[in-house]
Amino acid sequence: MQSEVDVYIIQKQTTLERYTHSKLNIDFFDYLERDKQTPVPLQQAHNDHIKSRELLIKSLEKHSLSYKVFNLDELYENNICYYNDKCDKSGLRPKKNLVISLGGDGTLLHASHHVGGDVYLLGINSCPEHSVGHMCPVIPKYIDKTIECFVNNKFKVKNVRRLKLEASRKQSLPLALNDILLCNRHPAATSRYQLSICSLMNNQELQSEKQLSSGLWVSTSAGSTAAISSYGFEKTDITSADIHVAVREPYTPRNESLNLQKFNIDGNEKSLLFFSRMRQGLVCVDGPDSCAHLGFGDTVHMSLPQECSIKLILDFFGKVPTFPFDKPE
């Protein structure tokens, strides 16, 4: 999406906005009372987010940067397509090549689906007391200094690898910055599939196994602190080309062991092929909102091409204190 504005802001909807201004038939305050909660923390988180947005807009205007704000629903309502490395007009393309995610990691993951090529993505954690923001290095008090550094080209970028999915049904799926879950549509049903490791050099199958489980997790290095961390994978450098794979609740009727249950592969040399043996399968990218259905014999090829990397702004030469997400805790 070509634009006449300098910067796009992708902001989250706060929990208060999502469930009290929703068309869903939900008495959210009744739920809070029955769950022995009060709306006070949600109101505080909402207020913090609004203040952060005001600080950001004030700073952009101060530095004469034009902008447009979308929430996540508005991205879809305006038919803003996912970034595609094969299409020059895909994704968000502001004049200053800057997209700002205002929220937490969930907002940044959604925003990343629309960013690629020469466009930078900057994550601002709008309410750090309430939001997780491992990939959002900036907190509200440093917003103006951050924008000043961007205008003066005083920032560092890391090229972070993303998983590219090529589905046999040609569904539109985004690049995965965090992880992919492949499973049965029903959580109580068995996931049946064949998993193969392939060579990128000649596309030859190197190893293959039919599996029964609750699903399959496939993660980038950026996603090593997310769901797949519960399988004992160590935190890896965000720029690594490793692909992490873990079978979720493997089932072996004869108590045999799986050869491909938990492993890493080098994304520079190898890829993965998922062959669905399910009538109602599902592939989910970076959470539950970007999904596609899989039937019998459908395939999903997953690779980590360099050209699908995303440019994350993560450092400002020490001029802005940042969240040390990629350093040992």
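Side chains are part of it too, since the values below use all heavy atoms of this structure and drop only hydrogens, waters and symmetry mates.
When all heavy atoms of Ala227 and Ser230 are compared, the pair lying nearest together is O-OG, 2.8 Å. Residues Ile10 and Thr107 approach most closely at O-CG2, 3.6 Å, considering heavy atoms. The two residues Ser224 and Ser229 make their nearest non-hydrogen contact at O-CB, 3.3 Å. Residue Tyr8 comes nearest to Arg93 through the heavy atom pair CE1-N, 4.2 Å, listed as atom of the first residue, atom of the second, then distance. Shown here for Pro250 and Leu258, the closest heavy-atom pair between the two residues is CB-CD1, 3.6 Å. Residues Val285 and Leu173 approach most closely at CG2-CD2, 4.1 Å, considering heavy atoms.
Between the side chain of Lys262 and the backbone N or O of Tyr231, at least one donor-acceptor pair lies under 3.5 Å. A donor-acceptor contact shorter than 3.5 Å links the side chain of Asp237 to the backbone of Thr239. Without hydrogens or angle criteria, His186 side chain to Ala188 main chain gives a donor-acceptor distance under 3.5 Å. Formation of a donor-acceptor pair under 3.5 Å by the Arg162 side chain with backbone atoms of Ser112 is found in this model. Judged by distance alone, with hydrogens and angles left aside, the side-chain atoms of Gln171 form a donor-acceptor pair with the main-chain N or O of His293 at under 3.5 Å. Without hydrogens or angle criteria, Glu209 side chain to Asn259 main chain gives a donor-acceptor distance under 3.5 Å. Not a single donor-acceptor pair under 3.5 Å links the side chain of Ser240 to the backbone N or O of Ser221. Thr252 contributes a side-chain N or O that, together with a main-chain N or O of Glu256, makes up a donor-acceptor pair within less than 3.5 Å. In this structure a side-chain-to-backbone donor-acceptor pair under 3.5 Å is present from Asn184 to Thr190. In this structure, Asn202 contributes its side chain and Gln204 its backbone to a donor-acceptor pair below 3.5 Å.
With no hydrogens or angles considered, no side-chain donor-acceptor pair links Glu249 and Ser213 at under 3.5 Å. In summary, the side chains of Gln211 and Tyr251 do not present any donor paired with an acceptor at a separation below 3.5 Å, with no hydrogens or angles considered. Between the side chains of Ser309 and Asn159, no donor-acceptor pair of N or O atoms lies under 3.5 Å. If you check the side chains of His49 and Gln11, you find a donor sitting under 3.5 Å from an acceptor. Between the side chains of Arg161 and Asn268, at least one donor-acceptor pair of N or O atoms lies under 3.5 Å. No side-chain N or O of Asp105 forms a donor-acceptor pair with one of His134 less than 3.5 Å apart. Remark: the Asp6 side chain and the Ser66 side chain contain an N/O donor-acceptor pair separated by less than 3.5 Å. Judged by distance alone, the side chains of Ser208 and Gln194 do bring a donor and an acceptor atom under 3.5 Å apart. Looking only at atom types and distance, the side chain of Ser131 has a donor-acceptor partner in the side chain of Lys12 under 3.5 Å away. Defined by atom type and a distance below 3.5 Å, a donor-acceptor pair is present between the side-chain atoms of Asp286 and His113.
Taking 4.5 Å as the limit, every side-chain heavy atom of Tyr67 sits out of range of all side-chain heavy atoms of Val5. Contact annotation: the side chain of Val7 never approaches that of Val99 to less than 4.5 Å [non-hydrogen atoms, C-beta and beyond]. Residues Tyr142 and Thr322 fail the side-chain proximity criterion, which asks for heavy atoms closer than 4.5 Å. Using a 4.5 Å cut-off on side-chain heavy atoms (C-beta onward), Ile313 and Phe150 make contact. Looking only at side-chain heavy atoms (C-beta outward), Asn264 and Ile243 stay at 4.5 Å or farther from each other. Considering only heavy atoms from C-beta on, His301 comes within 4.5 Å of Ser271 through its side chain. Using a 4.5 Å heavy-atom threshold, the side chains of His130 and Gln44 count as touching. In this structure, Lys96 and Leu65 have side chains that are in contact, with non-hydrogen atoms separated by less than 4.5 Å.
For Glu234, the CD atom sits in a loose shell: 12 or fewer heavy atoms of surrounding residues, nucleotides or ligands are nearer than 6.0 Å. Counting non-hydrogen atoms of neighbouring residues, nucleotides and ligands closer than 6.0 angstrom, the NZ atom of Lys95 exceeds 12 such neighbours. Residue Arg279 qualifies as open at atom CZ: its count of foreign heavy atoms under 6.0 Å is 12 or below. Around CG of Asp118, the count of heavy atoms belonging to other residues, nucleotides or ligands within 6.0 Å does not exceed 12. The 12-atom threshold is exceeded at CD of Glu205, counting heavy atoms of other residues, nucleotides or ligands nearer than 6.0 Å.
Atoms CG and CG, on Leu304 and Leu175 in that order, are 10.0 Å from each other to the nearest 0.5 Å. We find the CG-CD1 distance between Asn71 and Ile9 to be 12.5 Å, quoted to the nearest 0.5 Å. Rounding to the nearest 0.5 Å gives a distance of 15.0 Å between CG of Leu312 and NZ of Lys156. Here the CD1-NZ distance, from Ile143 to Lys51, works out to 12.5 Å after rounding to the nearest 0.5 Å. Note that CD of Gln43 is 10.5 Å distant from OG1 of Thr38, once rounded to the nearest 0.5 Å. The CG atom of Leu121 sits 8.5 Å away from the SG atom of Cys136 when rounded to the nearest 0.5 Å.
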Q: With side-chain hydrogen bond (donor to acceptor under 3.5 Å, both in side chains) as the test, would you mind laying out the steps for Thr14 and His46 before giving the verdict?
A: CA-CA 6 Å; Thr14 66; His46 175 79; 2.8 Å; yes
(Q) Set out, in order, the CA-CA distance, both residues' side-chain angles and the distance that settles side-chain contact (heavy atoms from CB on, under 4.5 Å) for Leu206 and Lys270, then state yes or no. (A) CA-CA 9 Å; Leu206 302 175; Lys270 299 173 184 177; 4.0 Å; yes
Q | From CA spacing to verdict: salt bridge (charged side-chain N to carboxylate O under 4.0 Å, His left out), Lys58, Asp144 | A | CA-CA 8 Å; Lys58 182 179 179 180; Asp144 188 54; over 6 Å; no
Q.
The test is ring-ring contact (aromatic ring centres under 6.0 Å, His included); show your working for Phe275 and Tyr193 and say whether it passes.
A. CA-CA 5 Å; Phe275 179 90; Tyr193 54 90; over 10 Å; no
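Checking each of Trp217, Phe263, Phe233 against His244 for a ring-ring contact (aromatic ring centres under 6.0 Å, His included) leaves exactly one that passes, namely Phe233.
Separation of the Tyr82 and His114 ring centroids falls under the 6.0 Å cut-off. Checked against a 6.0 Å centroid threshold, the rings of Phe155 and Tyr120 count as neighbours.
If you chain together hydrophobic residues whose side chains sit under 4.5 Å apart, Val218 and Leu282 never meet in one group. When the side chains of ILVMFWY residues are joined at heavy-atom separations under 4.5 Å, either directly or via intervening members, Val245 and Leu273 end up in two distinct hydrophobic clusters. Under the 4.5 Å side-chain heavy-atom criterion for grouping Ile, Leu, Val, Met, Phe, Trp and Tyr, Leu216 is connected to Leu163 within one hydrophobic cluster. Linking ILVMFWY residues whenever their side-chain heavy atoms come closer than 4.5 Å, directly or via other members, places Leu102 and Ile139 in the same cluster. Placement of Val157 and Val151 within a single hydrophobic cluster is found when ILVMFWY residues are connected by side-chain heavy-atom separations under 4.5 Å, directly or transitively.
Comment: Lys145 engages Glu148 in a salt bridge, judged by a side-chain N to carboxylate O separation of less than 4.0 angstrom.
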